[in-house]
Trainee: 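Got a structure for you, written out below as structure tokens; questions coming shortly.
Numbering of ligands and ligand atoms starts at 1, following listing order. What you see is a predicted model, and the numbers here were worked out from it, not measured in a lab.
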Amino acid sequence: MYATTQRCVFCGTEYPLTHRGSCTRCTGPGEESALHETLAVQYDVAALKRQLDRDELARRPSGLWRYRELLPVVDPAFRVELGAGGTRLVPLTRIAEAIAGNRLLMKVEGSNPSGSFKDRPIGVAASVALERGARGLACLTFVLLLGAAGLADQGASVNVEKYVQISAYGAEVVTPIGDLGQLYALADRIEAEMGWSFMHNVQAYQTDGDKTTAFEICEQLGWRAPAAVFVPTGTGTNLFGLWQGFVLFKDLGFIDALPRMFAVQPVGAASLVAAWEAHQAIPSALQRIEPNLAPPISHRVSGYHAYKAMQESGGGAVAVADVDMLAALKDLASYEGIYAETASAAALAGIRRALALGLLRQEETHQTGIVGILTSHGLKNSLALTQVLPAQTKVEGTWEALRSYVERKAGAL
Ligand SMILES: [Zn+2]
């Protein structure tokens with residue numbers, strides 16, 4: 001195996017690969033902090049350079065394990081193989097910005113088996129846990145769910161689609177009501193006392209799964225990185241994982257240049273944007289989160305690791321309003337045939353915001369290209385949209401009634 005240690009990207013402390021939880025020098029258990037997810041798996045780049053050949057890699061089947069040397073699992077028997085990865089990178093051709101000459105591409109992560117990019121990080125982290133002999137697996141916001149992971153304390157309800165989907169796979173869904181800090185504390189207690197393996201305690205391995213998205217993007221662009229990547233961002237781990245992936249590919253000599261990383265957050269839940277504007281590398285927790293249409297990326301605090309990726313890459317952070325995410329969602333569906341969750345459509349809304357603010361240069365948008373990460377399929381959260389999309393029109397089921405309606409409609413156009 002080429003994975004060597006876990007290193008804290010804030011303080012530099014190294015931990016063995018078997019270490020669980022956060023960097024103990026940077027945070028305590030249950031603390032609400034931007035320094036929770038600072039560990040990153042390190043690889044022996046020199047050995048990988050001798051072993052890995054770009055052209056040979058290109059001939060392998062698509063999916064997570066195409067990049068097996070760059071993932072921390074030794075025995076193939078423990079690889080979770082449910083078809084994660086290998087998602088499309090789709091050039092937008094019909095929306096106004098594309099027609100105006102901008103080269104925009106969307107990485108459609110909603111086509112992963114569970115409809116979410118999370119199949120990558122959880123797939124890798126679960127494989128690691130199984131290889132280490134875990135007796136039971138559990139995830140926050142997956143199994144100890146939503147009562148806290150959403151905005152239950154502010155009156156929001158459980159996401160029915162996610163609950164049903166998870167239950168169908170056979171998991172028991174428990175929803176303690178409380179905030180995310182309480183949920184983490186409870187999870188750690190279960191792990192300590194009952195021996196379950198919680199996925200957030202192997203965060204660095206989740207980040208490794210997220211890296212595969214960056215690897216695929218580089219390959220799909222012909223072994224180069226885009227000019228900028230826009231990532232809908234809650235905790236920031238996906239953005240950080242993508243960045244780690246681009247950096248590793250550059251270290252291996254597979255690509256020549258790195259992209260600028262941009263976080264997109266909902267207005268009212270944008271701790272990274274606030275930190276970015278205040279030049280505060282360790283984002284502070286927001287006093288409260290304003291309700292919005294993108295609960296998956298609404299957290300009181302995002303991570304230092306994401307800030308660091310934005311800073312190192314020369315990127316930034318933008319906040320987008322519900323109305324902009326909805327417009328992006330509808331445009332992606334109606335013009336481009338891609339139905340993404342509201343929180344995912346934030347990627348396109350964020351690109352539009354950055355264009356409006358002049359954050360992107362013309363050679364970036366017109367030549368090298370900008371990639372948005374559409375993190376989840378629209379079917380993950382359709383019911384929430386019944387409140388904001390037009391209601392269905394009911395007409396009597398006769399030809400006369402229908403013709404009359406259609407003619408009135410046509411007359412109105
Ligand atoms: Zn640390």
Trainee: Could you enumerate the protein N, O or S atoms under 2.8 Å from the Zn ion (ligand 1), written like residue then atom name?
Mentor: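 The answer is C8 SG, C11 SG, C23 SG, C26 SG.
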
Trainee: Holding to side chain to side chain contact (heavy atoms under 4.5 Å, CB included), I want the full list of residues that pass it with A125, two or more places apart in sequence or in another chain.
Mentor: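 With sequence neighbours excluded, A125 shows a side chain to side chain contact (heavy atoms under 4.5 Å, CB included) to M199, V202, Y205, Q206, given in chain and number order.
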
Trainee: Which pairs pass side chain to side chain donor-acceptor pair (under 3.5 Å) with one or both residues in residues 247-261, sequence neighbours excluded?
Mentor: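 Those involving residues 247-261 are R260-E364.
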
Trainee: Going by salt bridge (charged side-chain N to carboxylate O under 4.0 Å, His left out), E216 matches just one of R66, R60, R120. Which one?
Mentor: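 Going through the options one by one, the only one that passes is R120.
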
Trainee: Taking the basic N atoms (NZ, or NE/NH1/NH2) and the acidic carboxylate oxygens, is any pair closer than 4.0 Å for R7 and E14?
Mentor: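 Salt bridge: yes.
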
Trainee: Looking at every non-hydrogen atom in both residues, tell me the closest pair between R224 and R103 and how far apart they are.
Mentor: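 Closest approach of R224 to R103, heavy atoms only: NH2-NH1, 2.7 Å.
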
Trainee: E81: what forms a side chain to side chain contact (heavy atoms under 4.5 Å, CB included) with it, not counting sequence neighbours?
Mentor: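 E81 satisfies side chain to side chain contact (heavy atoms under 4.5 Å, CB included) with W65, R79 once adjacent residues are dropped.
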
